[in-house]
Novice: 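What follows is a structure written as structure tokens; I'll ask about it next.
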There are 2 protein chains.
Amino acid sequence: MNAGKLSQKTSLAKSGDSNLHRKLAQSIGNQILSGVYAPGAILPNEADWCRIYGTSRTTVREAVKTLTAKGLLKSRTKIGSRVEPRENWNILDRDVLAWHMAAMNPQEFFASVQEVRKILEPEIAALAALNRTPQQLRAITEAFEDMRKAKAGRNSVAPDVRFHLALLAAANNVLLSPFGIMIESALTNMFEFTSTHNPEPDMFIPKHEGILKAVTRGNAKAARKAALSLLTDTDQTIAQVPSKAKKPRKPKA
Amino acid sequence: MNAGKLSQKTSLAKSGDSNLHRKLAQSIGNQILSGVYAPGAILPNEADWCRIYGTSRTTVREAVKTLTAKGLLKSRTKIGSRVEPRENWNILDRDVLAWHMAAMNPQEFFASVQEVRKILEPEIAALAALNRTPQQLRAITEAFEDMRKAKAGRNSVAPDVRFHLALLAAANNVLLSPFGIMIESALTNMFEFTSTHNPEPDMFIPKHEGILKAVTRGNAKAARKAALSLLTDTDQTIAQVPSKAKKPRKPKA
DNA sequence: AATCCCTATTTGTATGATAATTTGGCACAA
DNA sequence: TTGTGCCAAATTATCATACAAATAGGGATT
């Protein structure tokens with residue numbers, strides 16, 4: 001059960017989007033992903049949460065509904081809310097992925113991500129080469145141009161993300177779209193993670209160009225190969241970061 | 001209760017799990033996925049939904065929070081709730097996928113699914129061959145045995161699903177787990193769709209056995225090949241179903 | 001030992017009130 | 001005319017309270 005006295009109000013992190021129920025969901029979600037409440041465990045009931053956070057039941061319930069919708073919980077009358085088994089979690093949900101990342105060793109996380117990226121992105125590039133519309137090709141091209149203009153550094157992350165997302169969109173298969181969030185998260189956080197130790201940032205531009213050209217020509221095979229090549233480079237960059245193996249904990253705000 | 005005769009009240013389908021806010025979410029979710037409310041559109045406000053469905057605002061808000069958590073909506077004060085762009089939808093969420101399927105032509109849906117399955121499942125099988133634990137291998141084996149016992153027919157669907165899910169679990173990469181829902185949905189609905197026109201149902205057993213053996217031996221390459229082979233067969237089965245191209249509408253219960 | 005029923009607990013739904021947010025228009029000034 | 005700032009209205013966000021529904025678990029009865 002819940003350790004300690006319930007009289008103590010837990011203070012909620014001030015996240016950017018300031019909805020109370022959202023903050024609650026974030027707080028509870030983080031606790032679930034970090035293992036405070038394991039799958040199968042029964043959470044404190046609604047009244048408890050009210051006391052813990054000092055909010056109304058309405059707000060608590062909306063937070064719980066949010067987590068339920070993401071597959072983390074299931075509520076039953078007289079029982080309470082129970083944490084669902086991991087395989088039911090919508091891990092590719094933006095929030096869930098963020099909570100997951102916060103609870104994990106970055107090394108492990110990037111390893112999982114790269115494993116999936118190497119499976120999917122070459123095929124996505126191949127599909128894009130075959131299925132892209134002219135408009136989608138334009139989006140890819142523009143993202144690439146912006147990337148080139150920005151050169152290396154923090155500013156190149158956004159167009160880089162746009163490039164990969166545009167590619168994904170051009171594959172024209174809705175079932176792949178959830179991976180956009182994973183890619184976005186990967187690229188953004190990877191930059192933070194590797195930026196201090198990125199040996200040859202400009203090397204990525206030609207690799208991206210290779211994908212763009214193959215997709216432009218409609219050459220699926222070449223696109224696949226180029227995408228894989230880029231990912232292999234990314235692997236090496238990650239590998240060169242000294243393994244701190246520490247969870248990035250937010251310093252006290 | 002006041003199950004009124006308000007002529008304007010939309011009657012809610014009686015889904016298995018009978019929560020009012022859940023039914024509401026289902027109803028609104030279906031409308032979004034079927035295009036009644038397109039991305040960018042602003043939904044009726046909470047008061048409107050109350051009138052439309054004859055429920056309290058509490059219930060409406062919980063339904064909206066559910067849909068928001070699945071990426072379908074975003075609410076803003078003074079504006080209302082707006083439908084998010086498709087790429088933000090958690091399409092691999094169980095509910096969203098079901099609504100999506102209900103709104104689509106089955107042929108198209110299965111085409112998308114098979115495209116993704118052919119990308120992922122061979123790699124999943126390969127990863128499973130490398131990463132499986134003994135326990136996971138046992139789960140796969142047991143599912144296969146149950147499948148063989150059940151022979152063809154409706155009873156073989158459940159173990160078939162279990163086989164593929166066990167394989168997925170054995171790949172030991174959390175980021176792949178959302179596809180379990182897709183696979184489950186695909187296999188289940190595929191049976192409904194092809195059962196009347198499935199020429200050689202027993203042919204699938206040896207194919208599954210091929211995957212099992214490869215995974216047992218830890219032979220990634222063979223596992224990949226066997227998984228792809230199974231999927232190619234599935235493709236053919238689908239192709240042989242005469243294209244009715246009709247949406248399966250539930251007859252009024 | 002088995003069955004039935006009752007009650008206590010917890011989530012589910014309803015109602016009504018107030019707070020917070022912010023768009024869009026209006027008044028006013030430059 | 002144009003810009004600027006401010007107000008009001010619409011809508012979601014939050015709170016408080018009450019009652020309904022479901023059901024696990026215990027207790028009474030057989």
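Because only heavy atoms are used, hydrogens play no part in the values below, and waters and symmetry mates are left out as well, while side chains stay in. Each chain gets a letter, A, B and so on, in the order the sequences are listed, and its residues count up from 1.
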Novice: Does a salt bridge link A:Glu184 with A:Arg94, judged by any charged N lying under 4.0 Å from a carboxylate O?
Specialist: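 A:Arg94 and A:Glu184: salt-bridged.
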Novice: Starting at atom CZ of A:Arg61, determine the distance to atom P of C:dA14, rounded to an integer number of angstrom.
Specialist: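 The distance from CZ of A:Arg61 to P of C:dA14 comes to 11 Å, rounded to the nearest Å.
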Novice: Just the rounded figure in Å: distance from C1' of D:dC19 to CD of A:Glu46.
Specialist: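 Computing the A:Glu46:CD to D:dC19:C1' distance gives 15 Å.
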Novice: Tell me: NZ of A:Lys23 to P of C:dA20, nearest whole Å?
Specialist: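 These atoms are roughly 13 Å apart.
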Novice: Could you check if a side-chain atom of A:Asp93 sits within less than 4.5 angstrom of a side-chain atom of A:Ile181, using non-hydrogen atoms only?
Specialist: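 When only atoms from C-beta onward are counted, A:Ile181 and A:Asp93 do not touch, as no gap falls below 4.5 Å.
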Novice: If I compare all heavy atoms of B:Leu176 with all of B:Ala171, which pair ends up nearest, and what's the gap?
Specialist: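 What the structure gives for the nearest pair is CD1-CB, 4.5 Å.
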Novice: Report the relative orientation of the aromatic rings in A:His208 and A:His164; use parallel for angles under 30°, tilted for 30 to 60°, perpendicular for over 60°.
Specialist: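 Perpendicular: the ring planes of A:His208 and A:His164 meet at over 60°.
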Novice: B:Leu73 CG to D:dT12 P: how many Å, rounded?
Specialist: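 So the CG-P distance, B:Leu73 to D:dT12, works out to 11 Å.
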Novice: Let me know the distance between CG of B:Leu67 and P of D:dT12, rounded to the nearest Å.
Specialist: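 Rounding to the nearest Å, CG of B:Leu67 and P of D:dT12 are 14 Å apart.
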Novice: Decide yes or no on side-chain hydrogen bond (donor to acceptor under 3.5 Å, both in side chains) for A:Gln135 and A:Arg138, but give the supporting numbers first.
Specialist: CA-CA 5 Å; A:Gln135 197 176 12; A:Arg138 191 148 20 95; 5.8 Å; no
Novice: Provide, to the nearest angstrom, the distance between the NZ atom belonging to B:Lys65 and the C1' atom belonging to C:dG12.
Specialist: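 B:Lys65 atom NZ is separated from C:dG12 atom C1' by 17 Å.
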Novice: Tabulated below should be each protein N or O lying under 3.5 Å from an N or O of nucleotides 22-28 of chain D; please produce it.
Specialist:
| from | atom 1 | to | atom 2 | distance (Å) |
| --- | --- | --- | --- | --- |
| D:dA24 | OP1 | A:Arg76 | NH2 | 2.8 |
| D:dA24 | N3 | A:Lys78 | NZ | 3.3 |

Novice: Can you check whether A:Ile28 reaches A:Trp49 side chain to side chain, under 4.5 Å on heavy atoms?
Specialist: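 Side-chain contact under 4.5 Å: yes.
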Novice: What residues form a side-chain contact (heavy atoms from CB on, under 4.5 Å) with A:Val174, not counting sequence neighbours?
Specialist: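 Once residues adjacent in sequence are excluded, the partners of A:Val174 under the side-chain contact (heavy atoms from CB on, under 4.5 Å) criterion are B:His100.
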Novice: Between B:Arg57, B:Lys65, B:Arg51, which is the residue that forms a salt bridge (Lys or Arg N to Asp or Glu O under 4.0 Å) with B:Glu46?
Specialist: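 Among B:Arg57, B:Lys65, B:Arg51, the one that satisfies the salt bridge (Lys or Arg N to Asp or Glu O under 4.0 Å) with B:Glu46 is B:Arg57.
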Novice: Show each protein N/O and nucleotides 15-17 of chain D N/O combination with a separation under 3.5 Å, one pair to a line.
Specialist:
| from | atom 1 | to | atom 2 | distance (Å) |
| --- | --- | --- | --- | --- |
| D:dC15 | OP2 | A:Ser56 | N | 3.0 |
| D:dC15 | OP2 | A:Ser56 | OG | 3.0 |
| D:dC15 | OP2 | A:Thr59 | OG1 | 2.8 |

Novice: Is it the case that A:Asn19 and A:Glu62 place a side-chain donor and acceptor less than 3.5 Å from each other?
Specialist: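 Their side chains do not contain a donor-acceptor pair, so the 3.5 Å distance test is not met.
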Novice: Just how far, in rounded Å, is C1' of C:dT11 from NZ of A:Lys74?
Specialist: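 Whole-Å distance recorded here is 15 Å.
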Novice: What's the CG-P distance between A:Asn19 and D:dT12, to the nearest Å?
Specialist: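 To the nearest whole Å, that distance equals 13 Å.
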